[in-house]
Amino acid sequence: MKLHLILLGLLSLISFALAWTKEDYEIFDLVSAIEATEGKGTTFYSWLDISPKATSGDINKAYRKKSMQLHPDKNIGVKGINERYARLGVVAAILRDSERRERYDFFYKNGVPRWRGTGYYYSRYRPGLGSVGVFLVILTSSLQLVVQRMNYKKDLERIDRFRTKARQAAWGARMIPQPGAKKVRVSLSNNMEDDDAPTARYVDMLVEGEHVYLLGDDEPVLLDANVAVKPSMGNTWAINLAKSLVHKVLPQSNSSSEETAAGQDQPADPATSAEEDTDAGDGTDAGGASTPGGSKAVSASAISKVGGRRRKVAPKKK
């Protein structure tokens with residue numbers, strides 16, 4: 001509901017901005033300039049010292065009187081007097097024209113809008129390429145952060161749904177906790193009606209008390225809110241790009257290279273070599289990666305279906 005109201009307000013602002021003409025922009029500029037030089041709240045009428053219902057004769061008489069006061073020849077050395085004198089002539093011309101005066105009276109009664117449209121500000125301030133680039137970076141990063149928050153909320157809902165499914169499969173429809181750990185198969189479908197479909201995919205889960213674990217080919221993964229990736233400005237494309245550029249541009253520290261060289265000069269420890277040979281015989285290399293003869297790595301496809309990242313936690317043994 002709030003989103004609809006925001007969109008409606010934006011559409012209203014856009015419609016008003018599109019309805020403003022070049023003459024309206026001229027009035028906006030004059031109002032801002034007069035308030036800056038003559039005082040806050042000064043209007044066309046108050047500047048000429050006439051009533052809003054003044055006739056053309058009254059306007060001409062007031063203009064002649066005011067122009068004599070602001071004439072540059074009588075105000076030699078006064079800063080900005082030429083601009084004020086020229087501005088007075090434009091104001092008098094607007095008030096003499098019935099259509100332009102009617103348009104000014106509209107803003108005089110309802111107030112000059114704060115937001116005057118992108119075309120108004122662009123034509124007057126004309127941001128450079130750098131300013132436009134910074135604006136686009138901030139805008140796209142903010143939108144990406146909004147999308148992250150939406151995905152995070154969906155991931156939490158998805159995790160809660162799969163935890164509920166697993167508990168129902170383990171404890172029954174009444175959801176009465178059962179002692180011990182129980183392995184169940186849970187459908188990855190979002191709707192309960194699709195659980196029995198031929199194309200439905202299932203994953204193995206382990207329910208132990210209040211904890212639900214996602215089973216893979218290796219260690220179980222505790223399924224809770226920590227699995228979902230929290231939204232962060234540091235995960236936006238602009239920050240990630242800046243980090244990658246910093247790592248590429250900055251030279252590597254000399255300490256790491258010196259440690260590597262020192263490690264190569266030192267003789268190998270026989271006991272360490274024997275342990276490495278034993279590990280290699282078991283099918284696992286020194287870095288912990290699985291070899292064809294060793295154990296398989298835990299599958300990440302099921303984690304991505306549930307949502308978020310993996311967090312390996314072994315279940316309690318009883």
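Values below: every heavy atom of this structure, side chains too, minus hydrogens, waters and symmetry copies. Everything numeric here is computed off the predicted structure, so don't read it as measured data.
In this structure, OH in Y45 is found 7.5 Å from OH in Y108, a value given to the nearest 0.5 Å. With rounding to the nearest 0.5 angstrom, the CG atom of L214 is 10.0 Å from the CG atom of L222. With rounding to the nearest 0.5 angstrom, the CG atom of L139 is 5.0 Å from the CZ atom of F135. The structure places CD1 of I27 at 12.5 Å from OH of Y25, a figure rounded to the nearest 0.5 Å.
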Between D58 and T55, does a side chain to side chain donor-acceptor pair (under 3.5 Å) hold up when you go through it step by step?
-> CA-CA 5 Å; D58 297 333; T55 61; 3.1 Å; yes
Hey, mind stepping through S244 and N240 against side chain to side chain contact (heavy atoms under 4.5 Å, CB included) and telling me if it holds?
-> CA-CA 6 Å; S244 63; N240 289 330; over 6 Å; no
Would you please test V212 and D224 for side chain to side chain contact (heavy atoms under 4.5 Å, CB included) and show each step?
-> CA-CA 8 Å; V212 177; D224 59 4; over 6 Å; no
Step by step, work out the side chain to side chain contact (heavy atoms under 4.5 Å, CB included) result for W237 and T140.
-> CA-CA 9 Å; W237 73 269; T140 54; 3.1 Å; yes
Test log, rule salt bridge (Lys or Arg N to Asp or Glu O under 4.0 Å), inputs E208 and K182 = CA-CA 7 Å; E208 184 180 17; K182 186 173 182 180; over 6 Å; no
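For the pair R149 and Y152, the cation-pi criterion (under 6.0 Å, within 45° of the ring axis) is not fulfilled. In this structure, R96 forms a cation-pi arrangement with Y63, its terminal cationic atom sitting closer than 6.0 Å to the ring centre and no more than 45° off the ring axis.
Of the options T37, L30, V91, a side chain to side chain contact (heavy atoms under 4.5 Å, CB included) to W47 is made by V91 and by none of the others.
Scanning all heavy atoms of the two residues, the minimum distance from R87 to A33 falls at NE-CB, 3.5 Å. A pairwise comparison of heavy atoms in F162 and S187 identifies CE2-O, 3.2 Å as the closest pair. The two atoms that bring S141 and A238 nearest to each other are OG-CB, 3.5 Å, heavy atoms only. Here the shortest heavy-atom pairing between R101 and K53 reads NH2-C, 4.0 Å. Taking every heavy atom of both residues into account, A166 and V184 meet most closely at O-CG2, 3.9 Å. Closest of all the heavy-atom pairs between L95 and I59 is O-CD1, 3.5 Å.
Around CD of Q69, the count of heavy atoms belonging to other residues, nucleotides or ligands within 6.0 Å exceeds 12.
Salt bridge annotation for E210-R167: present, with a cationic side-chain nitrogen under 4.0 angstrom from a carboxylate oxygen. Between R158 and D155 there is a salt bridge, since at least one side-chain N of the basic residue sits less than 4.0 Å from a carboxylate O of the acidic one.
Residues passing the side-chain hydrogen bond (donor to acceptor under 3.5 Å, both in side chains) test with R84 are E38, sequence neighbours excluded.
The distance between the ring centers of Y104 and F44 falls below 6.0 angstrom.
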